[in-house]
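Residue numbers run from 1 in the order of the sequence given. Both counts, for ligands and for their atoms, begin at 1 and track the order of listing.
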Amino acid sequence: LGPTVCVGEILVEIVATTIGDGFRTAQPLVGPYPSGAPAIFIDQCGRLGGRAAMIGAVGDDDFGQLNLDRLRADGVDVSAVAVDRQFPTGSAFVRYRASGARDFVYNIATSAASRFGWSDAVEALVRRAGHIHVMGTALSMPSAAAVIARAVEIIKARGGTLSVDPNLRKELQLDVGVERQFAELVAKADLLLPSGDELERAAGVEGEAAALEKLFALGVAEIVLKRGANGATCFSRDGSRLDAAAFVVTEVDPTGAGDCFGGAYVACRRLGMGAEQALTYAAAAGARNVTVRGPMEGAGTRAELDAFIAATPRR
Ligand code: ADP
């Protein structure tokens, strides 16, 4: 039915190489790495051979070129990524605390990522898309949120499907409008990819069983719950449940695991795989991604993920 599209922020990420609190002391930083949750998702999707296309914007600068080069190299159609001549590519600085928590400094609001709108290129892409994936992070940018609303309507109307990763970030505070759009998207979604307490937040009820029941009643067909180093579980509306044990890896940089997991899962399902095989590739993509620094650096091709699966024990 046409490619998988993802709409939202394309950024560079600059990562501290030391563990500590915040950025007030001098420290070695590395980067820029291509980043942005929607960009990571679609890059992993493309790398796995899923037809993939991105909607968003970069600045007319090296950071933008870095992202465009990476996405193109991984097979992602960037015809609907605008180049903003006025505002720079967005950026995020990240430092890990000893607890595993992260400190971020974002420049997104005054970047190209917050300023793109509907265009002929977006229209042409959406009119042939078969699936749209929505990242919760993108909803906090009004321009991206408007593009998402219109794209979802068109793609669902032509028989396409929708997946939603709540990816709700405290740093990107949700206002009431965002909460409303998020709830509307959840109600239209075919597949949800929550992690941690996002399952209950998406359902608006407490308890895993109650949340699942409510979401299936809304019409969601499949819910894949991500549990970090504890693996993942796929719940289907027919009542079946599949658990995927996590691969045993040494975590170097957890950023991007959930995005790679989702990109791999959606790519595999759309390539015709069943939930079990897709879950294995997704768990491998998430695990492989945390073994290297940089949010998108560990995204895998099918051959790379096959080699990783063959070589890595599971919990
Ligand atoms: P999110 O980034 O959305 O919170 P997770 O941290 O749960 O998502 O990561 C997504 C998936 O990636 C997990 O379900 C798991 O399969 C894999 N993964 C993440 N971190 C690890 C890890 N440390 N070891 C093994 N697998 C991991």
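Side-chain heavy atoms closer than 4.5 Å link hydrophobic residues (I, L, V, M, F, W, Y) into clusters, and following such links, even through other members, never connects I40 to V266. Under the 4.5 Å side-chain heavy-atom criterion for Ile, Leu, Val, Met, Phe, Trp and Tyr, V81 and V83 are members of the same hydrophobic cluster.
Neither side chain, Y106 nor S111, offers a donor N or O lying under 3.5 Å from an acceptor on the other. Side chains of T137 and N167: a donor-acceptor N/O pair is absent below 3.5 angstrom, by distance only.
Note: F41 and H133 have parallel aromatic rings, judged against thresholds of 30 and 60 degrees for the angle between ring planes.
When only interatomic distances are considered, the shortest N/O to N/O separation between A232 and ligand 1 does not fall below 3.5 Å. An N or O contact shorter than 3.5 Å links K226 to ligand 1 by distance. Ligand 1 has no nitrogen or oxygen under 3.5 angstrom from a nitrogen or oxygen of D165. Of the N or O atoms in S195, one or more lie within a sub-3.5 Å distance of an N or O in ligand 1. For the pair G228 and ligand 1, the shortest N or O to N or O distance falls below 3.5 Å. Remark: ligand 1 and F261 share no N or O pair separated by less than 3.5 Å (distance only, no angle test).
Of the protein's heavy atoms, E251 OE1, 2.7 Å lies nearest to atom 23 (N) of ligand 1. In terms of protein heavy-atom proximity, atom 14 (O) of ligand 1 is closest to G231 O, 2.9 Å. Protein heavy atom closest to atom 25 (C) of ligand 1, with residue, atom name and distance, is F247 O, 3.1 Å. Remark: minimum distance from atom 24 (N) of ligand 1 to any protein heavy atom is reached at V249 CG2, 3.5 Å. Closest protein heavy atom to atom 26 (N) of ligand 1: A287 CB, 3.5 Å. With hydrogens left out, the protein atom closest to atom 12 (O) of ligand 1 is G286 CA, 3.4 Å, a heavy atom.
Electrostatic pairing of E123 and R127 counts as a salt bridge here, judged by a charged N lying under 4.0 Å from a carboxylate O. Between R293 and E13 there is no salt bridge, since none of the side-chain N atoms of the basic residue sits less than 4.0 Å from a carboxylate O of the acidic one.
Considering R72, R128, R51 in turn, R128 is the only one that fulfils the salt bridge (charged side-chain N to carboxylate O under 4.0 Å, His left out) rule with D77.
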Self-check item: Check against salt bridge (Lys or Arg N to Asp or Glu O under 4.0 Å), R269 and D190
Solution: CA-CA 12 Å; R269 291 311 302 266; D190 301 280; over 6 Å; no
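Residue-ligand proximity, R227 to ligand 1, at heavy-atom distances under 4.0 Å covers atoms 7 (O), 14 (O).
The closest heavy-atom contact to atom 10 (C) of ligand 1, among the options G258, A285, A229, comes from G258. When A257, A283, P295, P254 are ranked by how near their heavy atoms come to atom 9 (O) of ligand 1, first place goes to A257.
Expressed to the nearest 0.5 Å, how far CZ of R270 lies from CG of L1 amounts to 7.0 Å.
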